[in-house]
Amino acid sequence: MPLDFNTFPMQEIRRGRELCWDPHAIDFSRDKEDWLNLNDDERELLLGQVFGFLIGERAVAHDLAPLQGALRFERGHMDEEMYITQQLFEETTHVEFFQRWMDEVLPGKLGVDIPYPKGDAAPIFKTYLPDAMNALYTDRSPEAQMRAIVTYHQIVEGIFAEVGYEVFYGAMDPRGILPGLREGVRNIQKDESRHIAFGTYLAQRIIRDYPQTEEIFKDTMDALLDVTLDGMSRLFEHFDEPYPFGFKTETFV
C-alpha cells in the first residue's frame, strides 16, 4: 500500500526533519560559570531535574519499541510506524544532550565526585511505563495499545515532562542563567510537543477504529492520577522551605 503523505504522522515527520538539532552543537561554556555561582540547594534541585530527565529519556528510548511492533503486526499503519522511528531517534538525541551537559558542566563525575540526586526514580518510569509497553510483546490488542499510549504520551510526556520544563524555566529565565541548558530543554520541548500531538492523534485513531477503547483511555488516565499527583508533590521533598528559586509545590501540582 503506497504512503499517503498528507496523514498527520507524515506531516509530523517532515516537521521533525525541519526542526532537527544537534546536541553537540550547543555551547556550554557560560553554563559552567553559572553553575558555580548557584548555591548548594539550587544546584541540587537543578541536578535532580537534569538527572531525572536523563533517566526518563533513557527509559523511553528503551521502552517505546513494542508499540511500533504492535502497529506493525496489525498492518496498515506504516505512517505511524515511521513516526515512532523518528520519535525514537529524537529520544536518543535527548539522552545525548543531558549526558553531555553533565559531562561538560559539572565540576566532577556524577556518582564519584558529586553525589547522585536524592530519591529514587519515579514509579512511572520504574514500573508503569515499562509494564505498559512490555505488555505489548504478548498482547497487541487495541486495548493494550491504548494503555501504553496513555502512560507514555499523555502522562510521561504530557504531564511529567511539561511540569519539568516549567521547573527549568522558572529556575533559569528570571536570572538569565545556564543558556546552554535552556537551549537544549527548549529544543526537547519542541520535539516532545510533537510526540504528545502524535499520541493524541493515535489515541483518537484507535478510538475511531475500536470505540470500546474510549473507556480504556479514561480508565487508564484515572488509574494513573494518584501516581501523577504523587510525582508532582515530591518535587521538593528533600528541601526545606523556602524552596530553591522561590518555587512552591502547589504551583506544579
Is there a donor-acceptor pair closer than 3.5 Å between any side-chain N or O of [X] and the backbone N or O of [Y]?
X: T213; Y: I216; value: no
X: R43; Y: L38; value: yes
X: D139; Y: A135; value: no

Provide the closest heavy-atom pair for [X] versus [Y] in the form atom of the first, atom of the second, distance.
X: D230; Y: S233; answer: O-OG, 2.9 Å
X: V50; Y: M102; answer: CG1-CG, 3.7 Å
X: R234; Y: P123; answer: NH2-CD, 3.3 Å
X: A61; Y: L88; answer: O-CD2, 3.7 Å
X: D34; Y: P179; answer: OD2-CD, 3.7 Å
X: I149; Y: A203; answer: CG2-CB, 4.3 Å

Please confirm whether F97 and F53 have ring centers closer than 6.0 angstrom.
no
For F8 together with Y83, are the ring centres under 6.0 Å from each other?
no
Give, for atom [atom1] of [X] and atom [atom2] of [Y], the distance between the pair rounded to the nearest 0.5 Å.
X: W35; Y: L181; atom1: CH2; atom2: CG; value: 8.5 Å
X: Y165; Y: F160; atom1: OH; atom2: CZ; value: 13.5 Å
X: L45; Y: L235; atom1: CG; atom2: CG; value: 8.0 Å
X: M146; Y: K218; atom1: CE; atom2: NZ; value: 11.0 Å
X: R208; Y: E214; atom1: CZ; atom2: CD; value: 13.5 Å
X: H62; Y: L129; atom1: NE2; atom2: CG; value: 11.5 Å

Crowding at [atom1], [X] (>12 non-hydrogen neighbours, <6.0 Å):
X: R72; atom1: CZ; value: no
X: R58; atom1: CZ; value: no
X: D240; atom1: CG; value: no

Between [Y] and [X], is there a side-chain heavy-atom distance shorter than 4.5 Å?
X: Q11; Y: F5; value: no
X: P23; Y: V95; value: no
X: L202; Y: L67; value: yes
X: L225; Y: L229; value: yes
X: I188; Y: W21; value: yes
X: E91; Y: E157; value: yes
X: D79; Y: D4; value: no
X: L71; Y: Q145; value: yes

Would [X] and [Y] count as having a side-chain donor-acceptor pair, cut-off 3.5 Å?
X: Y210; Y: E143; value: no
X: H195; Y: E12; value: no
X: Y243; Y: E42; value: no
X: E44; Y: H238; value: no
X: E33; Y: N37; value: no

Under-4.0 Å salt bridge between [X] and [Y]:
X: R75; Y: E81; result: no
X: R194; Y: E90; result: yes
X: E18; Y: R15; result: no
X: D27; Y: R30; result: no
X: R100; Y: E96; result: no
X: E80; Y: R205; result: yes

Linking I/L/V/M/F/W/Y whenever any side-chain heavy atoms sit under 4.5 Å apart, do [X] and [Y] land together?
X: V150; Y: I196; result: no
X: L54; Y: F89; result: no
X: I55; Y: V112; result: no
X: L3; Y: F198; result: yes
X: I159; Y: V253; result: yes

Check step by step if side-chain contact (heavy atoms from CB on, under 4.5 Å) holds for F217 and I206.
CA-CA 10 Å; F217 180 93; I206 292 173; over 6 Å; no
Take T220 and L224 through the test side-chain contact (heavy atoms from CB on, under 4.5 Å) and record every step on the way to the result.
CA-CA 6 Å; T220 307; L224 293 173; 4.1 Å; yes
Please test N187 against T93 for side-chain contact (heavy atoms from CB on, under 4.5 Å), starting from the C-alpha separation and ending with a verdict.
CA-CA 10 Å; N187 288 337; T93 298; over 6 Å; no
Run the numbers on F239 and F247 for ring-ring contact (aromatic ring centres under 6.0 Å, His included), then give the verdict.
CA-CA 11 Å; F239 300 93; F247 286 142; 9.8 Å; no
Sorted by first residue and then second, give each ring-ring contact (aromatic ring centres under 6.0 Å, His included) pair with at least one member in residues 112-143; sequence neighbours left out.
F51-Y116
Check the angle between the aromatic planes of F28 and W101 and answer parallel, tilted or perpendicular using the 30° and 60° thresholds.
perpendicular
Stepwise, does the side-chain hydrogen bond (donor to acceptor under 3.5 Å, both in side chains) test hold for R186 with Q189?
CA-CA 5 Å; R186 182 64 184 127; Q189 187 177 25; 3.1 Å; yes
List the steps, then state whether side-chain contact (heavy atoms from CB on, under 4.5 Å) holds for L46 with V167.
CA-CA 8 Å; L46 275 175; V167 174; 5.6 Å; no
